[in-house]
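Please read these numbers as outputs of a predicted model, since none were measured by experiment. Every chain is numbered from 1, with letters handed out A, B, ... down the list of sequences.
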Protein chains: 4
Amino acid sequence: MTDNNKKPPGRPRSVKSHQAMLRATLELLAEVGFDALSIEAIAARAGVGKSTIYRRYTCKEDLIADAIENIREDVAIPDTGNLWGDIDALIQSAAQITLNPLGRQTVATIVSSASSHPEFAQIYWKKYLQPRRQAFSVVLERAKARNEIQADLDPCLIFDIMSGIMLYSLIFQPTTESWEAYVRRALALVLKETSI
Amino acid sequence: MTDNNKKPPGRPRSVKSHQAMLRATLELLAEVGFDALSIEAIAARAGVGKSTIYRRYTCKEDLIADAIENIREDVAIPDTGNLWGDIDALIQSAAQITLNPLGRQTVATIVSSASSHPEFAQIYWKKYLQPRRQAFSVVLERAKARNEIQADLDPCLIFDIMSGIMLYSLIFQPTTESWEAYVRRALALVLKETSI
Amino acid sequence: MTDNNKKPPGRPRSVKSHQAMLRATLELLAEVGFDALSIEAIAARAGVGKSTIYRRYTCKEDLIADAIENIREDVAIPDTGNLWGDIDALIQSAAQITLNPLGRQTVATIVSSASSHPEFAQIYWKKYLQPRRQAFSVVLERAKARNEIQADLDPCLIFDIMSGIMLYSLIFQPTTESWEAYVRRALALVLKETSI
Amino acid sequence: MTDNNKKPPGRPRSVKSHQAMLRATLELLAEVGFDALSIEAIAARAGVGKSTIYRRYTCKEDLIADAIENIREDVAIPDTGNLWGDIDALIQSAAQITLNPLGRQTVATIVSSASSHPEFAQIYWKKYLQPRRQAFSVVLERAKARNEIQADLDPCLIFDIMSGIMLYSLIFQPTTESWEAYVRRALALVLKETSI
DNA sequence: CGGTAAGCGAGACGGTACGTCGCGTCTTAAG
DNA sequence: CTTAAGACGCGACGTACCGTCTCGCTTACCG
């Protein structure tokens, strides 16, 4: 057995308190944003002592990472039977997540934390991005099997390019097109379909 | 002239103090990072009163933006006579700026601020990214004239894709390749040279 | 000149705030007692930031000492023309100060602090007890001149004995007599009047 | 028998734990003093759960009172056959107890607690001071029988005066003489020996 | 040349949040 | 039914900065 089946002594940590603080974190994150988010406010909102938070997390970033992770849904692999159907589904799903106040705030938080805290970036990479990169590979392999794209395309690189342009255009809004259309145009360029 | 050429009454603002605070800001940004950067510390390091800073900038972001802007060099348009020569020059120059402690910190600061402060993102977009996008267009137009790439490629989109992957791979380090090589590979894919 | 007549640079400390915190300290001392007295509560009551208190005092004891000192009246030397008239005046005055809630609390605070903080004891000794010992000497010297007591009595020792029994009987209440009567009886014993 | 000789059901309270906590209390009292003495530290030092302490004592004062009481020796009535021999023995014994770090701390604790907690003062009065006052009476009665002092002196009052000056001079150090000499001088004054 | 107006450094101000510590209570499993 | 362990909600600690506000000075121009 890898994990010791012996319980640690003493009163076990309260699941209820833990959930309350994660929920309070997300609420406040959406309400006031990352910078103005204080542990004190989270504790107050959750009806929990500050020490109960500090017992579990050493810094704000860890807490937020955990809170975000807890609401993540499973990776969904679209399968419309057609490459652009799948891609549009992915883009729509991304748009749904990011193009609303809480989503924008969450993205800002993640990018903000990740760019100044490499450890956070790595956690996020492993727990969120990598699984999605795997899912995206499946989609592309199916497209290859259908001869919709060239067989030598590197799915990982394409996923990264897609994520990059998504992020970039979310932050800097470089175009007057809709975000979805811009991302779609970038992908079209990258995938240089054989049909063209 | 719309703006009055009359000088305002009273003592003029001290150029020396202004430069001292910009310099101190950059030093501390590199030393302690964006989050731990305090106006108090900047004032102390610059030998300047806090109010002298607040008279010029209303928030930390403005000050940092100005400080970063002050060290920006002019946009250099490489012209090696060959597309990949130009691109490699651009990548090298970007690497030089970003792949060192101050550079990383600067990028983190920009991304961090931009993602949570859309106004800042717009300022940065107009003052920094757009001029570079123009310069990049020149490079691509020259390549088109040399028939190195297809004539219908949108230089703006390509620049944005390049910037996106640069940013993304700087933050999340998705590959074991060097940053430069990864960016180069992404560009190669996007430009789908006719010569291949 | 011993004190430098140059003012220190920067904004001078607020007299109003200082007085507010001293007043709040005394109020709360009487209301909740020494142990339960928190800097936080003093700051809140005084409408003052905690840092404004910490800028002036390094510990609770210093603040309390200063607050108590600020309400001290001048030493009054009674002169009724007769030893026991003077002594009764002194005892009455002491009773008035100590035999009420605020007085008890103040004495408890002083004794408590003094017994665990020798520095505090010394301050209190110098600023409060010693002047009163001097005043008491004057009273006894007058009594000697009137031949009411023996000339070789040490006024300091007698003052200390009186203070000691006052303190002791205030804390431990060793008798059913009134506090004043007990103190008076002790003094009578010590002074062993010649008339006996 | 009024109290039932039936043992209470369940596990009996651990004598070992109880002794450990009393010992830890005294050690820490001497080491860090009354104010900085925390139940948490006592429990840790004694290797005992906090609740085991709270089951026995409701407040810190009770615990400390019990701990101090546990090291009290029986009242010793000196009998050197001569008043000043007896008195010097008493003063020496008091000096031995009070004039060392633990002793000073203990006195400070007692005075501190007693002055702010009248209940504690009464407990201490009954359990410690009153027995000693009785013992002192015996010494003085013997002196009266030997005609060393006047027959009408009130032994209780004299004991209280002695205790008062002991306490007072311990706290405020009003003289450059040794503590013992000062106490002796005060007693000499009070006893106004007939032999002088 | 003397006034007036703003900028300057210094630093105190009322605040807010920090992360830590100890409180007294509680909830476990072990004895 | 007690014990050791340790988590809980709570509240105060003393610190660090926030952005604002006096201070006494300096630097400019303007009448």
Side-chain angles (χ1 to χ4, degrees), chain A residues 6-14 16-18 36-44 46-56 58-60, chain B residues 6-14 16-18 36-44 46-56 58-60, chain C residues 6-14 16-18 20 36-44 46-56 58-60, chain D residues 7-14 16-17 36-44 46-60:
Chain A
K6 254 180 163 174
K7 274 219 247 172
R11 178 175 175 175
R13 295 195 173 168
S14 160
K16 204 167 75 174
S17 294
H18 203 157
L37 187 58
S38 75
I39 298 281
E40 209 127 277
I42 293 172
V48 141
K50 273 199 289 177
S51 42
T52 303
I53 297 180
Y54 282 113
R55 202 169 289 120
R56 291 166 168 74
T58 50
C59 73
K60 211 165 67 168
Chain B
K6 257 198 199 155
K7 276 213 256 176
R11 177 176 175 178
R13 295 192 174 171
S14 160
K16 205 169 75 175
S17 293
H18 203 157
L37 187 59
S38 75
I39 298 279
E40 210 123 278
I42 293 172
V48 140
K50 276 199 290 176
S51 40
T52 305
I53 296 179
Y54 282 113
R55 198 169 292 117
R56 290 166 168 75
T58 49
C59 72
K60 209 165 71 167
Chain C
K6 255 190 180 164
K7 275 219 248 173
R11 179 173 173 176
R13 296 197 173 167
S14 160
K16 206 167 72 175
S17 295
H18 202 156
L37 188 58
S38 76
I39 299 281
E40 209 126 275
I42 294 172
V48 141
K50 273 200 289 178
S51 42
T52 304
I53 296 179
Y54 282 113
R55 202 170 288 119
R56 291 167 168 75
T58 49
C59 71
K60 210 166 68 169
Chain D
K7 276 211 267 176
R11 177 173 172 178
R13 292 192 175 173
S14 159
K16 205 167 74 174
S17 293
L37 187 58
S38 73
I39 299 280
E40 210 120 282
I42 293 172
V48 140
K50 276 199 290 176
S51 40
T52 306
I53 297 180
Y54 282 112
R55 198 168 293 116
R56 291 166 167 75
Y57 304 98
T58 49
C59 72
K60 207 165 71 168

Problem set entry | Separation of C:Ser17 OG from C:Arg55 CZ (nearest 0.5 Å) |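 So the gap between those two atoms works out to 9.5 Å.
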
Exercise. Under the 3.5 angstrom rule, does the side chain of C:Lys7 hit a backbone N or O of C:Pro12 as a donor-acceptor pair?
Worked result: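 No, because the side chain of C:Lys7 does not come within donor-acceptor range (under 3.5 Å) of the backbone of C:Pro12.
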
Nucleotide [N], atom [atom2] - distance to [atom1] of [X] in whole Å:
X       : N      : atom1 : atom2 : value
C:Lys60 : F:dC13 : NZ    : P     : 7 Å
D:Lys16 : F:dA4  : NZ    : C1'   : 12 Å
A:Ile53 : F:dA7  : CD1   : C1'   : 14 Å
C:His18 : E:dG14 : NE2   : P     : 12 Å
D:Arg56 : F:dT2  : CZ    : C1'   : 9 Å
C:Ile42 : F:dA12 : CD1   : P     : 12 Å

Measuring to OP1 and OP2 of [N], would you say a side-chain N or O of [X] lies under 4.0 angstrom away?
X       : N      : result
B:Lys50 : F:dC18 : no
D:Arg55 : F:dT3  : yes
A:Arg11 : F:dT3  : no
D:Ser14 : F:dT3  : no
B:Arg13 : F:dT26 : no
D:Ser17 : F:dT3  : no

Side chain of [X] (C-beta onward), nearest among [options]:
X       : options               : result
C:Thr52 : F:dA4, E:dG14, F:dG9  : E:dG14
B:Ile39 : E:dC13, F:dG19, F:dA4 : F:dG19
C:Tyr54 : F:dA7, F:dG14, E:dC18 : F:dG14
A:Pro9  : F:dA5, F:dG9, F:dA12  : F:dA5

Work out which heavy atom in [X] is nearest to a heavy atom in [Y]; give both atom names and the distance.
X       : Y       : answer
C:Ala46 : C:Ala20 : CB-O, 3.5 Å
D:Lys50 : D:Ala43 : CG-CB, 4.0 Å
D:Leu37 : D:Lys60 : O-NZ, 3.2 Å

Problem set entry | Residue mapping more 5' on DNA chain F - nearest nucleotide basis, D:Gly49 or C:Glu40 |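 With C:Glu40 and D:Gly49 compared, the 5'-side residue is D:Gly49.
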
Exercise. Nearest nucleotide by nearest heavy atom, which residue falls closer to the 5' end of DNA chain E, B:Pro12 or C:Ser51?
Worked result: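 Closest to the 5' end, via its nearest nucleotide, is B:Pro12.
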
Exercise. Start at the 5' end of DNA chain E and walk down; is the nucleotide closest to A:Cys59 or to A:Gly10 reached first?
Worked result: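 Looking at the nearest nucleotide for each, A:Cys59 comes out on the 5' side.
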
